[in-house]
Amino acid sequence: MQVQTHKEECIMKLQAALDTLTLEECLALLDHTKGAVDIAEVGTPFIIECGMEPVRAIKAAHPEIEVLADAKIMDAGEFEADKCFEAGADIVTVLGVSYDETIEGVVRSAKTHGGQVMVDMIGVMDLAARARELDKMGVDYICVHTAFDIQGTGQKDPLEDLKVVNAVIENARAAVAGGVKLATVDAIAAEKPGVIVVGGAICNADDPAVMATAMKERMK
Ligand SMILES: O=C([C@H](O)CO)[C@H](O)[C@H](O)COP(=O)(O)O
């Protein structure tokens with residue numbers, strides 16, 4: 001039986017990054033985008049404002065959708081990841097710039113709770129070298145991420161970063177985040193990442209459900 005390598009796997013998931021909406025707006029958006037959004041990200045700004053309550057509420061309202069807690073863990077990896085998984089998160093993020101011990105702790109927590117780990121490569125200088133290291137540590141996704149604060153400055157290109165990481169990983173699947181728009185999603189999807197993260201393009205759209213559905217169509 002021919003086993004698909006991660007690069008051949010064609011299943012791509014749409015992750016809606018919920019950063020600035022209220023919980024009520026998030027729940028309404030997820031009701032209206034049924035079938036399009038595979039992963040609901042409780043974004044870092046949301047967690048800073050509301051803690052794990054959005055994780056609990058979204059998981060309770062939509063058990064069929066994976067919930068990602070974008071905790072961007074930088075230290076106390078096992079302890080902080082435990083809090084996210086105990087609240088119902090299916091996936092937790094840890095920063096690729098953190099110590100290996102922190103990432104190993106998040107991986108231990110994920111194994112304990114039956115969850116998954118997404119490493120956020122925001123700020124990582126040598127993407128290829130760090131991705132090779134992380135790929136051996138049992139993480140599930142390695143996410144290239146153009147930081148919100150540098151989007152539009154031309155300093156980073158999500159597509160180019162995705163190609164760099166996809167070229168060196170064999171175990172984890174690539175993910176991509178940071179300013180993904182309908183105009184750029186086709187080229188990104190052609191690289192077959194496991195997850196495409198879209199925040200503002202969906203949440204700030206005139207009709208988020210229409211945008212999410214359009215994005216998902218481009219990933220099939
Ligand atoms: O993780 C994010 C950022 O660091 C703010 O917390 C965003 O969720 C991520 O960048 C996706 O949002 P968009 O860039 O608006 O698509």
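One-based numbering, in listed order, for ligands and for the atoms of each.
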- Note on the structure: Minimal heavy-atom distance between Asp82 and Ser109, with the atoms involved, is OD1-OG, 2.7 Å

- Task: Grab the two heavy atoms, one from Cys203 and one from Ala17, that are nearest each other, plus how far apart they are.
- Result: SG-O, 3.4 Å

- If we number the atoms of ligand 1 from 1 as shown, the ones under 4.0 Å from a heavy atom of Ala17 are 8 (O), 11 (C)

- Query: Does any N or O in the side chain of Thr93 come within less than 3.5 Å of the main-chain N or O of Lys72, such that one atom is a donor and the other an acceptor?
  - Reply: yes

- Minimum heavy-atom distance between Ala110 and Gln116, given as atom pair plus value: CB-N, 4.2 Å

- Item | Per-atom contacts of ligand 1 with His145, taking only distances under 4.0 Å to non-hydrogen atoms | 1 (O), 2 (C), 3 (C), 4 (O), 9 (C), 10 (O)

- For Lys72, take its heavy atoms, then give the atoms of ligand 1 lying under 4.0 Å from any of them. 1 (O), 2 (C), 3 (C), 4 (O), 6 (O)

- Query: How far is atom 7 (C) of ligand 1 from its nearest protein heavy atom, and which residue and atom is that?
  - Reply: Asp19 OD2, 3.3 Å

- Query: How many angstroms lie between CG in Asp19 and CD1 in Ile47, if you round to the nearest 0.5 Å?
  - Reply: 9.5 Å

- Query: Which one holds for Ile122 and ligand 1: side chain close, backbone close, both close, or neither close, with close meaning a heavy atom under 4.0 Å?
  - Reply: neither

- Note on the structure: Here the atoms of ligand 1 under 4.0 Å from any heavy atom belonging to Gln151 are 14 (O)

- Within 4.0 Å of some non-hydrogen atom of Asp70, the atoms of ligand 1 are 1 (O)

- Item | Heavy atoms of other groups near Lys181 NZ, more than 12 under 6.0 Å | yes

- Hey, is Gly179 one of the residues with a heavy atom under 4.0 angstrom from ligand 1? yes

- Indicate, as side chain, backbone, both or neither, the part of Pro45 found under 4.0 angstrom from ligand 1 when only non-hydrogen atoms are considered. side chain

- Message: To the closest 0.5 Å, what do you measure between OG1 (Thr33) and NE2 (His62)?
- Response: 7.5 Å

- Task: Of all the heavy-atom pairs spanning Lys59 and Ile65, show the shortest one and how long it is.
- Result: NZ-O, 2.9 Å

- Kindly confirm or rule out an N or O of Gly199 lying under 3.5 angstrom from an N or O of ligand 1. yes

- Message: So, 4.0 Å and heavy atoms of Gly178: is ligand 1 close enough to count as a contact?
- Response: yes

- Item | Carboxylate-amine/guanidinium contact Glu53 Arg56, below 4.0 Å | yes

- Just distances here: any N/O of Thr146 and N/O of ligand 1 closer than 3.5 Å? no

- Task: Counting heavy atoms only, name the option from Pro158, Gly200, Ala16 that's nearest to atom 15 (O) of ligand 1.
- Result: Gly200

